[in-house]
Every structure is written in C-alpha cells, then in structure tokens.
Amino acid sequence: MSLFGKVEAEIEIKASAYKFFEANRKRVADLPKHAPNFIQSVDLVQGEWGQEGSVMCFYFTFDGKAVMSKEVMAIDDKNHSLTFKVIGGILLELYKSFKFVVQATPKGEGSLVRWTLEYEKLNVDDPESNTMLEFAIGLTKDMDAHLTHE
C-alpha cells in the first residue's frame, strides 16, 4: 500500500461550466447559500475573494462534527479549474497533505464537474478519502440545484 492516494469523480450538472466555476471562484463567500447542507460559512483570511493565493477557512460538518479546513486557492481560468490546497484544520489531522481540484467542462447545455482529491496519508493503513469525495459530490449537487434556479 502507498501513502499517496487519489480519488476522482465526475458529476453531470445543469448549470453551465462558467457559472459553476465562477460560483467557486468569485462567489466563495456565497457557498453557504448555494450548499447549506455542506458548508456553514467561509471566512477570508488572506488576499481577496476570487484571487489567486487567497486563503480561506471553510466551516462544515464532517462525521457529525463541526470542523474547519484552511485552504489556499490556485486558479486556472483557461480550463475552469480551481485547486484548494489544505494548509490547516481537520484534514491535516487526518492526512499529511490534502488538496481538492475541481474542474467544470461544458457538456451540452450543462457541464461535467470533475473532482480530484490528492492526499498523503499519515499511515499506510489509513483509509482512502472516499468520505471527502462523497462530500464534494453532494456539495456539487446542492450547488447545481441552487445555481440553476438563480
């Protein structure tokens, strides 16, 4: 077994790739409105909303507990892709390193959202990060429902 892991999922949504990308980039503070079942609040710690290198704290429920994840955002406008590298919080208690990559690609009138979670486990026997992948899928579905009714 390896300490390094990667899990991926693709979800078809009705919202356009641009709208989904912009909601995750420039409207991160609105995530609690877009996906209240997943994100309780987001605080900007450093930088500016929607800018490369911005540092944010995401507050959410994980395994029935209120937790926080401090993340720095990298932006790829050309590919409608964002990378959130975890630099503090609950995930670094469970993993040595963790990052979320989310990309939205146009597909018909909607889009295809691809989540890639890359991480390094603290121990070889630690489980894969399927719980966080399920979280990302649920978040995407809630966001899509909200964005398509805006």
Exercise. Is it the case that one hydrophobic cluster holds both Ile11 and Phe20, taking links as side-chain heavy atoms less than 4.5 Å apart, direct or via other members?
Worked result: yes
For this session: Decide whether Phe135 and Tyr59 are clustered together by the hydrophobic rule: side chain heavy atoms of Ile, Leu, Val, Met, Phe, Trp, Tyr closer than 4.5 Å, transitively.
Result: no
Exercise. So, does Gln40 use its side chain to make a donor-acceptor pair with the main chain of Thr61 at under 3.5 Å?
Worked result: yes
For this session: Report, as yes or no, whether the 6.0 Å neighbourhood of atom NZ on Lys19 holds more than 12 heavy atoms from other residues, nucleotides or ligands.
Result: yes
For this session: For the residue pair Lys14 and Leu147, establish whether any side-chain heavy-atom pair is separated by less than 4.5 Å.
Result: no
For this session: State plainly whether one hydrophobic cluster holds both Ile87 and Tyr119, where clusters connect Ile, Leu, Val, Met, Phe, Trp and Tyr through side-chain heavy atoms under 4.5 angstrom apart.
Result: no
For this session: Determine, for Asp144 against Lys141, whether the closest basic-nitrogen to carboxylate-oxygen distance falls under 4.0 angstrom.
Result: no
Seminar exercise, completed: Nearest heavy-atom contact between Ala35 and Leu139 is CB-CD1, 3.4 Å
Problem set entry | Non-hydrogen side-chain atoms of Val72 and Ser54 separated by less than 4.5 Å | no
For this session: Taking Glu52 for its side chain and Ile75 for its backbone only, find out whether a donor-acceptor pair lies under 3.5 Å.
Result: yes
Exercise. If we only count heavy atoms from C-beta on, is the Leu31 to Asn24 side-chain gap below 4.5 Å?
Worked result: yes
For this session: Spell out, as yes or no, whether a donor-acceptor pair under 3.5 Å connects the side chain of His149 to the backbone of Ala145.
Result: yes
Seminar exercise, completed: Note: Pro32 and Ala29 closest approach over all heavy atoms is CD-O, 3.3 Å
Seminar exercise, completed: Note: Thr116 and Glu118 closest approach over all heavy atoms is CG2-OE2, 3.9 Å
Exercise. Where do Lys70 and Val86 land on the side-chain contact (heavy atoms from CB on, under 4.5 Å) test, with the steps shown first?
Worked result: CA-CA 6 Å; Lys70 187 175 183 181; Val86 177; over 6 Å; no
For this session: Find out if a path of hydrophobic residues (ILVMFWY) with successive side-chain heavy-atom gaps under 4.5 Å connects Leu117 to Val67.
Result: yes
Problem set entry | Any side-chain donor near an acceptor of the partner, His34 and Arg27, under 3.5 Å | yes
For this session: Examine distances only and state if a side-chain atom of Ser69 and a backbone atom of Phe58 form a donor-acceptor pair shorter than 3.5 Å.
Result: no
Exercise. Counting distance only, does the side-chain N/O of Arg114 pair as donor-acceptor with the main-chain N or O of Glu10 below 3.5 Å?
Worked result: no
Side-chain donor-acceptor contacts of residues 89-110 below 3.5 Å, not counting sequence neighbours, with atom names and distances?
unit_1 : atom_1 : unit_2 : atom_2 : d
Gln103 : NE2    : Asn79  : O      : 3.1
Lys107 : NZ     : Glu12  : OE2    : 2.9

Exercise. When rounded to the nearest 0.5 angstrom, what distance separates CG in Asp43 from SG in Cys57?
Worked result: 6.5 Å
Exercise. Roughly how far, to the nearest 0.5 Å, is the CG atom of Asn123 from the CG atom of Leu3?
Worked result: 7.5 Å
Problem set entry | Inter-residue atom distance Ile137.CD1 - Asp142.CG, 0.5 Å rounding | 12.5 Å
Seminar exercise, completed: Of all heavy-atom pairs linking Val7 and Ser129, the shortest is CG2-O, 3.9 Å
Exercise. Do Met143 and Phe38 share a hydrophobic cluster, counting only Ile, Leu, Val, Met, Phe, Trp and Tyr and linking them when any side-chain heavy atoms are less than 4.5 Å apart?
Worked result: yes
Problem set entry | Heavy-atom pair of closest approach, residues Met73 and Arg25 | CE-O, 4.0 Å
Problem set entry | Least distance between heavy atoms, Met68 atom then Phe60 atom | C-CE2, 4.3 Å
Problem set entry | Residues Trp115 and Thr140: side-chain donor-acceptor under 3.5 angstrom | yes
